[in-house]
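To start, the structure under review is shown below, and the notes come after it.
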Amino acid sequence: MLDQRLLRDNPELIVEQLGRRGMTLDLTALQLIARQERDLEQQRSDLQAEGNRIGRQVGELIRGGAAPHSPEVQALRDRGNTVKQQVAVLEEEEKALEARLRDQLLAFPNLPSPHCPDGAGEAQNVERRRWGTPRQPLAGEAPLEEHWQIAERLGLIDSERSVRIAQSRFVTLLGAGARLERALISFMLDQHASRGYREVLPPILVNSASLTASGQLPKFAEESFRCADDDLWLTPTAEVPITSFHRDEILAAEQLPLKYAAYTPCFRREAGSYGRDTRGLIRLHQFNKVELYWFCHPEESEAAHAQLTADAEAVLQALDLPYRVLDLCTGDLGFSAARTFDLEVWLPGAGAYREISSCSTCSEFQARRASIRFKDGKKTRLLHTLNGSGLAVGRTMAALLETGQHADGSVRLPPALVPYMGCDRLLPEA
RNA sequence: GGAGAGGUGGCCGAGUGGUCGAAGGCGCAGCACUGGAAAUGCUGUAUAGGGGCAACUCUAUCGAGGGUUCGAAUCCCUCCCUCUCCGCCA
């Protein structure tokens with residue numbers, strides 16, 4: 001959420017910075033509401049001060065021996081009632097303005113970081129670096145298979161029966177496929193734990209306040225699954241429960257940074273993506289993800305962002321999966337993010353880089369929505385939140401299958417996974 | 001799901017209509033004492049918003065929301081949550 005004071009005092013900055021996202025805004029009306037709201041608040045609290053004075057006077061008079069129904073006391077009572085009515089009227093107006101203001105403020109995305117490259121859309125994302133050598137088909141070799149072909153051939157997934165259980169865009173993992181998923185989750189969590197992250201296993205049903213705090217609500221309600229009879233939703237990412245883990249808290253500066261690594265299933269409706277990535281593990285309504293999350297001091301968030309991204313990259317490196325890092329431009333930035341590095345893994349079968357992690361700093365945007373602060377000396381300040389996938393598990397499996405595919409039909413696994421899998425390759429079922 | 005008890009500041013805990021944002025204690029911070037520390041003493045120690053250069057000041061907040069009253073932590077209503085017992089259950 002944006003700062004109300006910024007809206008009142010310097011709306012030009014908001015217009016300019018959201019302009020970098022491609023938004024055209026006129027905030028004069030909203031600024032007026034914000035100022036009216038403040039003026040009303042001033043009037044109302046002055047009136048309340050008078051009411052408090054009257055109340056105190058009545059108390060003093062009665063304690064001093066005045067009869068409760070003497071004309072003097074009665075006059076004060078009458079004035080008190082008048083004041084009360086006036087306050088009620090002002091309060092109602094004030095609440096209405098406040099609600100309008102909040103609704104609108106909640107719908108604005110975060111201001112992009114000054115370091116975020118300007119651009120209109122994904123074509124303007126800036127590639128920062130590459131790691132590893134993308135596997136290409138050898139001359140004369142058969143074309144490389146896509147992961148879903150490999151997975152079906154090896155009996156690792158069953159998509160058709162999953163439709164029977166749920167609907168399309170769900171998969172069932174089987175045998176070595178199920179085991180590989182589990183191995184990857186353990187491997188990722190172990191690696192992050194060894195790098196200073198505290199492991200978390202949060203609730204995966206979350207309430208509306210939690211979704212609002214991290215930015216999915218109110219604008220993106222159609223992206224999440226909702227439980228009809230409760231104020232509960234299936235979490236679209238562990239970012240949601242972790243943000244709200246510390247909602248309404250004031251942390252000590254010495255506690256920062258707090259670093260969490262959480263495995264959760266994630267649920268997304270993927271509205272508007274019909275026909276895209278319909279096969280395999282790339283785009284599902286339910287997928288597993290290990291999420292990295294930092295709560296940190298505002299002055300340290302830029303370094304934290306680099307570190308968090310490096311921690312996500314370390315997983316790809318440990319798995320020998322080539323990737324590149326994109327610095328998302330302002331036009332491609334997510335709602336809550338001030339700056340985002342996407343990690344794109346190389347999929348040899350598809351012959352393309354595909355997003356496998358998105359590492360964002362949300363500056364104080366989520367902290368303000370969730371009211372998460374820390375004591376900076378005498379002052380209480382909003383902290384910064386950062387999140388990144390470390391990694392999306394299904395997509396990691398897809399990359400491993402395509403990268404490790406062998407002419408004999410098997411899939412070679414990277415050495416790091418051997419202790420978790422108990423084997424170094426996946427073989428066709430006998 | 002049924003029955004009962006309860007939700008007060010970082011924590012414990014007092015407070016059943018009148019200067020209560022809230023006694024007391026613990027914790028924490030500063031100062032004094034000390035060679036240093038302990039002990040002791042003194043002082044300070046919530047959040048949000050508004051006004052002011054500042055000192056400071058006004059308003060709100062005792063689970064949440066409404067109500068009664070000139071005045072509510074205290075009385076009434078609704079909701080939420082926690083605990084205990086019973087039921088059910090992995």
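Just so it is clear, the model here is predicted, and its values are computed rather than measured. For the numbers below, each heavy atom of this structure counts, side chains included, while hydrogens, waters and symmetry mates do not. In the text below, chain A, chain B and the rest are named by the order of the sequence lines, each starting its count at 1.
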Using only side-chain N and O atoms of [X], determine if any of them is under 4.0 Å from OP1 or OP2 of [N].
{"X": "Asn52(A)", "N": "A60(B)", "result": "yes"}
{"X": "Arg44(A)", "N": "G49(B)", "result": "no"}
{"X": "Arg53(A)", "N": "C70(B)", "result": "no"}

query = With both distances under 3.5 Å as the test, what is the Watson-Crick or G-U wobble partner of A22(B)?
reply =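 Base partner found: none.
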ask   = Looking across every strand, which nucleic acid part, if any, lies under 4.0 Å from Thr380(A) by heavy atom: base, sugar-phosphate, or nothing?
value =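 Contact class for Thr380(A): sugar-phosphate only.
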query = Which part of the nucleic acid, if any, lies within reach of Arg79(A) when heavy atoms closer than 4.0 Å are counted: base, sugar-phosphate only, or nothing?
reply =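 Nothing: the residue Arg79(A), judged by heavy atoms under 4.0 Å, touches no strand.
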ask   = Can you list, by residue number, the residues of residues 85-105 of chain A that have a non-hydrogen atom closer than 4.0 angstrom to RNA chain B?
value =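 Residues of residues 85-105 of chain A under 4.0 Å from RNA chain B: Lys95(A).
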Which value, in whole Å, describes the distance between the [atom1] atoms of nucleotides [N] and [M]?
{"N": "G1(B)", "M": "A14(B)", "atom1": "P", "answer": "32 Å"}
{"N": "A55(B)", "M": "A64(B)", "atom1": "C1'", "answer": "37 Å"}
{"N": "G15(B)", "M": "G7(B)", "atom1": "P", "answer": "11 Å"}
{"N": "C56(B)", "M": "A5(B)", "atom1": "P", "answer": "47 Å"}
{"N": "C12(B)", "M": "C76(B)", "atom1": "P", "answer": "25 Å"}

request  = Give the nucleotide from the list C70(B), G51(B), C58(B) with an atom nearest to the side chain of Ala49(A).
outcome  =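 So the nucleotide nearest the side chain must be C58(B).
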task = Measure from the side-chain heavy atoms of Ser45(A) and tell me the nearest of C70(B), G50(B), U59(B).
result =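 Among C70(B), G50(B), U59(B), the one nearest the side chain of Ser45(A) is U59(B).
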message = Using side-chain hydrogen bond (donor to acceptor under 3.5 Å, both in side chains), reason through His305(A) and Thr361(A) one step at a time and then give a plain yes or no.
response = CA-CA 6 Å; His305(A) 191 203; Thr361(A) 174; 5.4 Å; no
inquiry  = Would you say CZ of Arg283(A) has more than 12 non-hydrogen atoms from neighbouring residues, nucleotides or ligands within 6.0 angstrom?
reply    = yes
Any Asp39(A) side-chain heavy atom under 4.5 Å of Gln42(A) side chain =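 Asp39(A) vs Gln42(A): side chains apart.
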remark   = On RNA chain B, more 5' by nearest nucleotide between Arg373(A) and Arg63(A) is Arg63(A)
ask   = Arg5(A) or Gly55(A): which one's nearest nucleotide on RNA chain B is closer to the 5' end?
value = Gly55(A)
Listing, residues 241-255 of chain A side-chain donor-acceptor contacts under 3.5 Å, not counting sequence neighbours, or none:
residue, atom, partner, partner atom, Å
Thr243(A), OG1, Glu239(A), O, 2.6
Thr243(A), OG1, Tyr293(A), OH, 2.7
Ser244(A), OG, Ser210(A), OG, 3.2
Ser244(A), OG, Arg247(A), NE, 2.9
His246(A), ND1, Glu249(A), OE1, 2.9
His246(A), NE2, Tyr260(A), OH, 2.7
Arg247(A), NH2, Ser210(A), OG, 3.0
Gln255(A), OE1, Ala252(A), N, 2.7

inquiry  = One thing to verify: whether Arg268(A) and Glu270(A) come together as a salt bridge, which I'm taking to mean a side-chain N less than 4.0 angstrom from a carboxylate O.
reply    =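 Salt bridge absent between Glu270(A) and Arg268(A).
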ask   = In terms of side-chain geometry, is the basic nitrogen of Arg381(A) or Glu299(A) positioned less than 4.0 Å from the acidic oxygen of its partner?
value = yes
task = Answer yes if the side chains of Ser208(A) and Trp233(A) hold a donor-acceptor pair under 3.5 Å, and no otherwise.
result = yes
